[in-house]
Protein chains: 2
Amino acid sequence: MAAIGFCAHDHTACVADLMAHARAHCEKEGLKFTPVRQRTLEILLREHRALGAYDLLAQLADEGLGSQPPVAYRALDFLVKAGLAHKIEALNAYIACAHSGTDHSPAFLICRGCKAVAEADTAMTSGRLGDAARAAGFQIEHTVVEARGLCPSCQEPAR
Amino acid sequence: MAAIGFCAHDHTACVADLMAHARAHCEKEGLKFTPVRQRTLEILLREHRALGAYDLLAQLADEGLGSQPPVAYRALDFLVKAGLAHKIEALNAYIACAHSGTDHSPAFLICRGCKAVAEADTAMTSGRLGDAARAAGFQIEHTVVEARGLCPSCQEPAR
DNA sequence: AGCAGGCATGTTATAACATATCAATTCCTT
DNA sequence: AAGGAATTGATATGTTATAACATGCCTGCT
Ligand SMILES: [Zn+2]
Ligand SMILES: [Zn+2]
Ligand SMILES: [Zn+2]
Ligand SMILES: [Zn+2]
């Protein structure tokens, strides 16, 4: 339930650690962690915020790794399917997963001030959404749980 | 917590009732419920599913109520701000509110079989998302809670 | 009546996000 | 070596959303 993203941390180590996890995960699952895919994940990891596909594409293009939309979308699809990244539906943007590779149902806290996004973990079938689904006989396959608001730092100026 | 949308009901009465609520709500709040806005809500109410802005626009255009994107988006913005409709972020589509005008934090169950969407009500600060936000000191302003899956009817064929 | 301000609408253009399709290559298996 | 699956390259297109500016339409004031 910890929501990292709003607090300072050793980011270099954080990135290295998650990249190592990703490499190991792909190895284990027999997935091809190609240069474009690695670079895409690195770019997402550098920020603790969501990037649009075209923002990402611009960075890839700067490095000569492709310049057309499908390049970015293919890499993002791969990462999302592998559980290494998530799409933030409310922003039409993408973010690296903070809980490397494991199958989970994330919930996001999105700050409208500084654009930071924190990933918290929830159980899909618990909570209000699960209750409503059970009551309706609805079989959940995927959940989108996102909150927009202000992070602790961005609440300061308003006080 | 009841999730209407997956069960049959007197739809003519349902639409008339919600339109009346909407009219009363706009009256009370001093909002202008203009012809385009009324027609937009009626079109959304006719379906218990989400419509894309351009689907909606096509129907408005058929009736001579405007043919350019801003017409649809302005009407939808008005309805959403007035609490008479919601955007389904996971579909980039819009649906009439099933709980007329009152301020609430909806949760949606979206069937991938029949495209029906049911609106359930939740309290924004309760449940897992609220827990995570409190733990992080995050101040929630708006929530997006959506589940994709199969409604009771659409689970049948798979059995 | 004449006018100003606010809001709604009309219209054009463009930004931003996402996918279809097909050819060329790579990489693994038989 | 041959076949097949996955990845990449490249072009075009589809879909969703907003910017920008002009026009009309009420309402309250002089
Ligand atoms: Zn995650
Ligand atoms: Zn912030
Ligand atoms: Zn509602
Ligand atoms: Zn269904």
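Below, read A as the first sequence line, B as the second, and so on, with proteins coming before strands; counting in each chain starts at 1. In this text, all values refer to a predicted model and were calculated from it rather than measured experimentally.
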Restricting to nitrogen or oxygen on both sides, can you table the protein-nucleotides 17-25 of chain C pairs closer than 3.5 Å?
{"unit_1": "dA18(C)", "atom_1": "OP1", "unit_2": "K87(A)", "atom_2": "NZ", "d": "2.6"}
{"unit_1": "dA18(C)", "atom_1": "OP2", "unit_2": "Y73(A)", "atom_2": "OH", "d": "3.1"}
{"unit_1": "dA18(C)", "atom_1": "OP2", "unit_2": "Y94(A)", "atom_2": "OH", "d": "3.3"}
{"unit_1": "dA18(C)", "atom_1": "O5'", "unit_2": "Y73(A)", "atom_2": "OH", "d": "3.4"}
{"unit_1": "dA18(C)", "atom_1": "N7", "unit_2": "Y54(A)", "atom_2": "OH", "d": "2.8"}
{"unit_1": "dA18(C)", "atom_1": "N6", "unit_2": "Y54(A)", "atom_2": "OH", "d": "3.3"}

For a quick test of your reading: what N or O donor-acceptor pairs under 3.5 Å do the side chains of residues 26-35 of chain A make, sequence neighbours left out?
none

Determine whether H99(A) and H86(A) satisfy the following criterion, ring pair (Phe, Tyr, Trp, His ring centres under 6.0 Å), listing intermediate values before the conclusion. CA-CA 11 Å; H99(A) 302 111; H86(A) 302 291; 8.2 Å; no

Geometric class of the H9(A)/H48(A) ring pair [parallel <30°, tilted 30-60°, perpendicular >60°]: tilted

Within the distance-only criterion (no hydrogens, no angle test), does the side chain of H11(A) pair as donor or acceptor with the backbone N or O of L45(A) below 3.5 angstrom? yes

With a 4.5 Å limit on heavy-atom distance, are the side chains of [X] and [Y] in contact?
X	Y	answer
V145(A)	T143(B)	no
S153(A)	C114(A)	no
T40(B)	L65(B)	no

Applying side chain to side chain contact (heavy atoms under 4.5 Å, CB included), can you list everything that pairs with Q59(A), at least two apart in sequence or on another chain? I43(A), R46(A), E47(A), L51(A)

Leading and trailing nucleotides of DNA chain D with any atom under 4.0 Å from heavy atoms of chain B: dT16(D) to dA20(D)

Once salt bridge (Lys or Arg N to Asp or Glu O under 4.0 Å) is applied, what residue pairs with a partner in residues 140-152 of chain B remain, sequence neighbours excluded? E89(A)-R148(B), R112(A)-E141(B)

Scan residues 27-45 of chain B against DNA chain D and write down, sorted by residue number, each residue with any heavy atom closer than 4.0 Å; if none is found, say none. none

Check whether V144(A) and L150(B) end up in the same hydrophobic cluster, where Ile, Leu, Val, Met, Phe, Trp and Tyr are linked by side-chain heavy atoms less than 4.5 Å apart. no

